[in-house]
Every structure is written in C-alpha cells, then in structure tokens.
Asks: 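I am attaching a structure below and will ask some questions about it afterwards.
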Amino acid sequence: MKKILIAFTAAILGLASVHAKKWNNIVGFGFTLPISSIDTDQADSDDIFQLGYGIEGTYLGFHESGLTVKADLGAGLSTTKDVNLQGDGTNLGIFYNVALGAGWTFVKTERFTLSATGMAGADFFSYNDSEDKVTLDSKEYESIDKILMLGLLSAGADIFASYRVSDHFSFFANVAARYFIIGRTTEEINWTWKEEDYEKTTSGTKSGPDLEGKFRIQPTIGIAWKF
C-alpha cells in the first residue's frame with residue numbers, strides 16, 4: 001500500500017510539474033500541394049490519382065517537456081484525369097482535409113523547432129458538372145447538375161519545422177503523409193425544368209464504389225506566428 005501511495009504521489013507531482021512549465025504555440029498559414037492516390041473496390045478500374053493546389057492553416061503547441069499537439073486544415077483546387085464527370089482530360093474539383101494529432105518536439109532552440117506527430121483525420125474531394133438546355137427522354141431540362149463526392153478517413157504522420165526570424169514571426173515547412181483507411185463515393189444529380197412558368201428541381205443520390213486504401217503526401221510551406 002505504501003508503494004502505491006508513493007507512486008501515486010510521484011505521478012501527481014509529475015503532472016503538476018508539466019502543467020507548471022511553459023507551452024509555446026505556433027499558428028501558421030501557407031501554400032500546400034497535396035498528391036493523392038485512391039483505390040476503389042470496382043473491378044478493372046484505375047486508381048484515382050489527384051494533384052491539388054491550395055492553402056493550409058496549422059496549429060502546433062509544444063511543451064517545454066517536448067510533448068506536442070497539432071491540428072491542420074487544408075482546402076483548395078483538386079485536379080485528376082481519373083474522373084470523367086466533366087469529360088475526358090483533366091477534371092477540376094475542390095478538396096479539403098482536416099487532421100488532429102500529438103507527438104514530440106525533438107529540437108527546441110532559440111531559432112529552430114523540429115517536431116513529429118501522429119495524425120488522424122478526414123479527406124474530402126468534390127467534382128461537379130452542369131449542362132444547360134438538355135433534352136433527355138423527350139423532356140427538356142433547363143439544367144442537369146452532377147456532383148461526385150469522395151470522403152475518406154485517414155491516418156499517418158507529420159514532420160514540422162519552423163525557423164524564427166523575429167520574436168514572433170517565423171517561416172515553417174510541413175510534410176504530411178497519410179494512409180487512406182476507408183472511404184465512400186457519392187453521386188448526386190439535380191434536374192431542373194420549367195412547368196407552367198414555374199421552375200422545378202428534383203434530385204437523386206446513389207452510392208458509388210467504396211474507396212479502399214492508398215495515400216496522400218502533402219508538403220506545405222508558409223509563414224507562422226509564435227506566441
């Protein structure tokens with residue numbers, strides 16, 4: 001019993017010591033270039049390779065002990081030749097991803113910070129196409145809008161480095177590596193037509209192929225504020 005009380009007291013004192021020490025916080029904003037490949041369960045189908053161009057916001061907080069927490073949010077333009085919603089050639093869409101994680105800051109000097117964190121989150125991609133004045137099955141439509149959405153759960157790791165050039169201002173670089181665990185494709189079509197001078201719209205949604213595995217590599221460079 002005495003040993004248990006001693007161990008419990010030591011743990012409490014250790015936690016108190018951690019909370020008493022100082023936390024450093026970095027908030028960054030920069031340009032990001034996600035590269036991804038997604039596998040589907042559809043037979044004889046190619047992987048969906050995508051190249052994105054966007055912006056990413058990041059938060060990193062590290063304790064004097066080295067304990068580190070991190071959050072990322074990215075969004076931007078996505079391109080692929082493996083989706084034919086807009087016809088052959090390069091299709092344009094949007095992406096956004098979010099991730100949370102924790103890890104360790106290995107280097108903490110006056111100017112330089114280097115951290116590694118395990119991360120988990122979600123990735124979303126969306127492509128759409130619209131046709132005006134379409135005749136289908138002898139019926140005239142004002143427009144037909146098609147939307148393809150891909151949603152995935154992901155897990156992996158980040159390597160984050162920052163270099164401080166003033167008391168608060170710094171440059172940072174981050175490389176995110178993610179494995180896509182599982183995902184789903186959803187296809188939606190909206191039909192719009194006129195009837196007795198009223199515009200009417202109806203929608204239909206169906207599940208597409210399930211998404212299975214593959215990866216995302218996402219480098220980011222930008223500026224950050226330390227506080």
Side-chain angles (χ1 to χ4, degrees), residues 29-58 71-100 120-155 176 178-220:
F29 182 80
F31 172 74
T32 191
L33 187 75
I35 302 167
S36 64
S37 182
I38 304 172
D39 191 15
T40 74
D41 67 350
Q42 198 169 34
D44 301 323
S45 65
D46 294 330
D47 295 343
I48 302 173
F49 179 82
Q50 299 173 104
L51 177 62
Y53 309 88
I55 56 175
E56 181 175 80
T58 187
D72 294 326
L73 177 63
L77 175 69
S78 183
T79 68
T80 183
K81 293 183 179 180
D82 298 314
V83 169
N84 297 319
L85 190 69
Q86 301 162 5
D88 295 335
T90 300
N91 279 226
L92 303 178
I94 60 173
F95 78 87
Y96 57 99
N97 51 57
V98 61
L100 301 172
D123 288 63
F124 301 93
F125 305 89
S126 179
Y127 296 87
N128 60 20
D129 185 50
S130 181
E131 294 182 77
D132 296 325
K133 304 297 182 182
V134 179
T135 300
L136 185 62
D137 296 330
S138 302
K139 184 170 183 177
E140 293 186 359
Y141 293 93
E142 292 296 305
S143 64
I144 298 179
D145 302 312
K146 301 177 182 179
I147 304 171
L148 175 66
M149 293 170 284
L150 295 78
L152 304 105
L153 298 178
S154 61
R178 299 285 185 274
Y179 171 73
F180 291 135
I181 303 169
I182 193 171
R184 174 167 292 184
T185 304
T186 302
E187 300 175 42
E188 180 179 318
I189 301 180
N190 300 315
W191 296 271
T192 302
W193 72 95
K194 281 188 176 180
E195 187 174 301
E196 298 178 353
D197 294 328
Y198 290 95
E199 193 171 86
K200 298 184 176 182
T201 301
T202 187
S203 301
T205 303
K206 70 174 182 177
S207 295
D210 287 337
L211 305 175
E212 301 176 337
K214 295 294 184 177
F215 65 89
R216 166 169 58 87
I217 303 295
Q218 185 167 335
T220 303

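Numbering of residues begins at 1 and proceeds along the displayed sequence. Note that these values count all heavy atoms, side chains included, but never hydrogens, waters or copies made by symmetry.
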Asks: Could you verify whether a donor N or O on one side chain and an acceptor N or O on the other, from Ser130 and Asp145, lie under 3.5 Å apart?
Replies: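 Yes.
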
Asks: Would you say the side chains of Gln218 and Asp72 form a donor-acceptor pair under 3.5 Å?
Replies: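 Absent: no donor and acceptor within the cut-off.
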
Asks: Restricting to non-hydrogen atoms, name the atom on Ser154 and the atom on Ala122 that form the minimum distance, rounded to 0.1 Å.
Replies: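 Closest approach of Ser154 to Ala122, heavy atoms only: OG-N, 4.0 Å.
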
Asks: Are more than 12 heavy atoms from other residues, nucleotides or ligands located less than 6.0 Å from atom CG of Leu92?
Replies: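 For Leu92, atom CG is crowded (more than 12 foreign heavy atoms under 6.0 Å).
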
Asks: For a 4.5 angstrom cut-off between non-hydrogen side-chain atoms, does Leu33 reach Leu51?
Replies: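 Touching, per the 4.5 Å side-chain cut-off.
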
Asks: Please determine, by modelled atom types, if Ser78 and Tyr127 share a side-chain donor-acceptor pair under 3.5 angstrom.
Replies: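 Yes, because at least one side-chain N or O of Ser78 sits under 3.5 Å from a partner of the opposite role on Tyr127.
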
Asks: Is a side-chain donor or acceptor of Asn91 paired with a backbone partner of Gly87 at a separation under 3.5 angstrom?
Replies: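 Yes.
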
Asks: To the closest 0.5 Å, what do you measure between CE (Met149) and CG (Asn128)?
Replies: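 Here the interatomic distance stands at 10.0 Å.
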
Asks: My understanding is that only one of Glu131, Gln86, Glu188 makes a side-chain contact (heavy atoms from CB on, under 4.5 Å) with Lys146; could you say which?
Replies: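 Running side-chain contact (heavy atoms from CB on, under 4.5 Å) over Glu131, Gln86, Glu188 with Lys146 returns exactly one hit, Glu131.
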
Asks: Taking atom CZ of Phe124 as the centre, does the number of heavy atoms from other residues, nucleotides or ligands within less than 6.0 Å exceed 12?
Replies: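 Atom CZ in Phe124 is packed in, count exceeds 12.
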
Asks: I need the Asp82 CG to Thr40 OG1 distance, nearest 0.5 Å.
Replies: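 One gets 10.0 Å once the value is rounded to the nearest 0.5 Å.
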
Asks: Roughly how far, to the nearest 0.5 Å, is the CG atom of Leu152 from the CD1 atom of Ile181?
Replies: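 That separation rounds to 10.0 Å.
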
Asks: Tell me, please, which residues at least two apart from Asp47 pass salt bridge (Lys or Arg N to Asp or Glu O under 4.0 Å).
Replies: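 Checked Asp47 against salt bridge (Lys or Arg N to Asp or Glu O under 4.0 Å); matches are Lys214.
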
Asks: What pairs with Leu73 under side chain to side chain contact (heavy atoms under 4.5 Å, CB included), at least two apart in sequence or on another chain?
Replies: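 Applying side chain to side chain contact (heavy atoms under 4.5 Å, CB included) to Leu73 gives Val98.
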
Asks: Report the distance from atom CZ of Phe29 to atom CD of Glu56, rounding to the nearest 0.5 Å.
Replies: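 With rounding to 0.5 Å, CZ (Phe29) is 10.0 Å from CD (Glu56).
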
Asks: Is the closest side-chain heavy-atom distance between Ser36 and Phe95 below 4.5 Å?
Replies: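 Not touching, per the 4.5 Å side-chain cut-off.
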
Asks: Could you tell me the separation between the CG atom of Asp46 and the OG1 atom of Thr80, rounded to the nearest 0.5 Å?
Replies: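 Here the interatomic distance stands at 10.0 Å.
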
Asks: With the threshold set at 4.0 Å, does a side-chain nitrogen-carboxylate oxygen contact exist between Asp123 and Arg216?
Replies: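 So Asp123 pairs with Arg216 through a salt bridge.
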
Asks: Any side-chain heavy atom of Phe180 sitting closer than 4.5 Å to one from Asp39?
Replies: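 They are not in side-chain contact.
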
Asks: Please check if the side chain of Asp41 supplies one atom and the backbone of Asp210 the other of a donor-acceptor pair under 3.5 Å.
Replies: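 The answer is yes, because a donor-acceptor pair under 3.5 Å joins these two groups.
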
Asks: Take Leu150 and Ile48, measure what side-chain contact (heavy atoms from CB on, under 4.5 Å) needs, and give me the verdict at the end.
Replies: CA-CA 10 Å; Leu150 295 78; Ile48 302 173; 3.8 Å; yes

Asks: Check whether Thr185 reaches the backbone of Pro209 with its side chain - one donor and one acceptor, N or O, closer than 3.5 Å.
Replies: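 Checking the backbone N and O of Pro209 against the side chain of Thr185, a donor-acceptor pair under 3.5 Å is found.
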
Asks: Thr205 and side-chain contact (heavy atoms from CB on, under 4.5 Å): which partner among Ile189, Asn190, Ile147, Thr186?
Replies: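 Exactly one candidate clears the test, Thr186.
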
Asks: What distance do Phe125 atom CZ and Ile38 atom CD1 have between them, rounded to the nearest 0.5 Å?
Replies: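 It is 4.5 Å, given to the nearest 0.5 Å.
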
